[in-house]
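To keep things clear, I will list the structure first and then write my remarks on it.
Order of the sequence lines sets the chain letters (A, B, ...), proteins ahead of strands, with each chain counted from 1.
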Number of protein chains: 2
Amino acid sequence: MRVVNTKGKKFRVPDATILRLPLYLDKLILLQQAGVKEVSSRQLATSLDIKASQLRHDFHYFGGFSKPGRPYQVDKLVPALEEIIGVDVPVPMIIVGAGHLGQGLANYRNFERLGFPLRGIFDVDPKLVGLEIRGVPIRPLSEMTAFVKEHGIKVGVLTVPVNVAQDVANQMVAAGVVGIWNFTPTDIRTPPQVIVRNERLAVGLMCLSFKTKRIGQTEELRGD
Amino acid sequence: MRVVNTKGKKFRVPDATILRLPLYLDKLILLQQAGVKEVSSRQLATSLDIKASQLRHDFHYFGGFSKPGRPYQVDKLVPALEEIIGVDVPVPMIIVGAGHLGQGLANYRNFERLGFPLRGIFDVDPKLVGLEIRGVPIRPLSEMTAFVKEHGIKVGVLTVPVNVAQDVANQMVAAGVVGIWNFTPTDIRTPPQVIVRNERLAVGLMCLSFKTKRIGQTEELRGD
DNA sequence: TAGATTGTTAATCGATTAACAATC
DNA sequence: TAGATTGTTAATCGATTAACAATC
């Protein structure tokens with residue numbers, strides 16, 4: 001990825017920087033909600049367990065978030081990052097699979113705030129169809145394709161049982177979805193232009209396992 | 001982290017390698033379930049969008065997963081990685097907060113398989129108390145502290161409303177939990193010896209947003 | 001002014017890749 | 001044997017950190 005910063009210089013922004021931007025925004029939104037007005041690179045970096053120089057180096061690719069000598073203004077930084085990440089451009093979304101996980105995600109208020117308005121929820125279970133979650137009705141899966149086309153849905157959250165994951169993903173793609181947030185513990189195959197983000201709960205758990213179990217291990221095994 | 005590999009040489013294993021181990025294991029378990037017996041570094045790497053040489057380099061720190069000329073045996077590699085990651089040592093776990101998200105996670109069968117047997121579910125809501133999920137009853141939150149102490153619970157999954165997250169986390173820590181898997185969209189403060197893994201759904205969504213929106217951008221902005 | 005802070009560059013550090021001998 | 005594959009090292013590449021002038 002390349003950007004043109006405020007002084008007209010071109011930079012290739014490293015992937016590592018790109019991946020940190022959402023973390024910065026997430027933390028800044030929390031600060032904003034807590035009523036914090038100013039934050040220094042040092043404070044923000046410390047709260048994220050990184051070095052202040054790294055944070056400034058990251059921001060430097062985009063340029064002009066503050067002036068030398070002045071800390072960052074939270075209310076200016078938040079919208080600036082939102083624009084860079086693309087959160088300010090709404091992307092209509094649906095959830096497919098209204099089991100507990102799907103319903104739990106549907107209740108997650110931040111989606112709208114992050115530019116992903118929830119437009120529909122779909123399930124095959126007739127007992128669920130008709131229920132509403134935060135004003136969004138659960139519809140029969142058979143109506144999904146037409147709904148995606150009619151409402152220009154771009155992203156689908158996949159929270160169906162594993163055994164139907166690929167089949168439902170195929171339907172999403174055929175209907176026109178360009179991004180899939182996959183919560184099922186399996187791989188789904190899609191055409192290259194469709195972006196899949198696998199939210200592998202197993203991986204998160206194993207990372208925790210790894211760290212948890214290193215507690216109490218010997219110096220020999222723990223190192224640094 | 002330092003390890004001693006099979007030939008007695010010591011290596012400092014890079015963090016980047018450590019973070020990939022769960023991805024390897026996750027993929028290998030899928031292959032195993034699909035009945036695949038052998039896999040080459042090339043096949044496995046391709047399916048994970050990395051280079052084969054990187055995968056072999058990663059494995060090299062631990063040594064001896066195969067022999068030159070022979071591909072990896074899935075049935076040997078899986079337990080080897082499980083041991084390295086620590087999945088083979090069970091860590092009893094509870095879920096605190098039995099809303100949709102908590103119930104969705106409780107239904108996730110892989111927990112046991114990954115060494116995290118679910119021993120209890122807790123909630124304040126009397127309507128939920130007494131329900132069972134996969135044989136595990138939902139208990140009143142007031143019983144959590146005693147339960148953690150009695151059953152030697154090590155890890156707690158935090159799926160309570162944001163406004164009580166810190167308070168509940170404090171109770172968990174006081175009771176003796178050493179790892180918290182935090183699904184609430186807020187920071188929780190814990191003593192340094194307690195490991196917190198934040199499962200920030202917002203961050204995953206923003207990463208998807210970032211990628212989704214780069215589709216169709218100009219070359220100027222997209223670069224390579 | 002003095003202390004704090006950013007923007008920016010250069011130096012250090014770590015991670016990835018290529019290459020190939022050894023092996024099946 | 002010929003082709004495929006791993007284990008292993010060295011070379012390349014990219015990311016992090018330190019340092020400090022400029023600024024408030």
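Atom CD in B:Glu38 sits roughly 15 Å away from atom P in D:dA4 (whole-Å rounding). Atom CD in B:Gln54 sits roughly 18 Å away from atom P in D:dT12 (whole-Å rounding). Rounded to whole Å, the distance from NZ on A:Lys51 to P on C:dG14 is 11 Å. Atom pair A:Arg42:CZ and D:dT17:P shows a separation of 15 Å (rounding to whole Å applied). If you take CG of B:Asp58 and C1' of D:dT8, they are 14 Å apart, rounded to a whole angstrom. Across the protein-nucleic acid pair, A:Phe62 atom CZ and C:dT6 atom P stand 18 Å apart, rounded to whole Å. To the nearest angstrom, P of D:dG14 lies 14 Å from CD1 of A:Ile18. Distance A:Tyr61 OH to C:dT6 P: 18 Å, rounded to the nearest Å.
The partner of D:dC20 is C:dG7, by the rule that a Watson-Crick or G-U pair needs both atom distances under 3.5 Å. For C:dG14, the paired base is D:dC13 (Watson-Crick or G-U wobble, both distances below 3.5 Å).
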Worksheet entry | Chi angles and distances behind the side-chain hydrogen bond (donor to acceptor under 3.5 Å, both in side chains) call for B:Asp58, B:Gln54 | CA-CA 6 Å; B:Asp58 283 341; B:Gln54 177 167 74; 5.5 Å; no

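Side-chain polar atoms of A:Gln103 and A:Asn107 form no donor-acceptor pair below 3.5 angstrom.
Results of the side-chain contact (heavy atoms from CB on, under 4.5 Å) test with A:Leu44 over A:Val74, A:Leu55, A:Ile50 single out A:Leu55 as the only residue that passes.
Within the 4.0 Å cut-off from OP1 or OP2 of C:dT8, at least one side-chain nitrogen or oxygen of A:His60 is found. Contact check, A:Tyr72 against C:dG7: a side-chain N or O comes under 4.0 Å of OP1 or OP2. In terms of phosphate contacts, B:Arg56 brings no side-chain nitrogen or oxygen within less than 4.0 Å of OP1 or OP2 of C:dA19. Residue B:Ser41 places none of its side-chain N or O atoms closer than 4.0 Å to OP1 or OP2 of D:dT5.
For B:Pro71, counting side-chain heavy atoms from C-beta on, the closest listed nucleotide (C:dT17, D:dT6, C:dA15) is D:dT6. Set against D:dT6, D:dC24, D:dA22, the side chain of A:Pro68 has D:dA22 as its closest nucleotide.
Residue B:Ser53 is classed as a base contact, given a heavy-atom separation below 4.0 Å to a base. Using a 4.0 Å heavy-atom distance criterion, B:Phe59 is classed as making no nucleic acid contact. In this structure, A:Phe65 reaches the sugar-phosphate backbone alone: every heavy-atom distance under 4.0 Å involves primed, P, OP1 or OP2 atoms, never a base.
The nearest heavy atom of DNA chain D to A:Gly69 and to A:Arg20 marks one nucleotide each, and the one closer to the 5' end goes with A:Arg20. In this structure, A:Lys67 and B:Val39 both approach DNA chain D, and ranking their closest nucleotides by distance from the 5' end singles out B:Val39.
Side-chain contact between B:Leu25 and B:Val78 is present, with heavy atoms from C-beta onward closer than 4.5 Å.
Using cut-offs of 30° and 60° on the angle between ring planes, the pair A:Phe62 and A:Phe65 is parallel. Between A:Phe183 and A:Trp181, the ring planes are perpendicular. Angles over 60° get that label, and only those under 30° would be called parallel.
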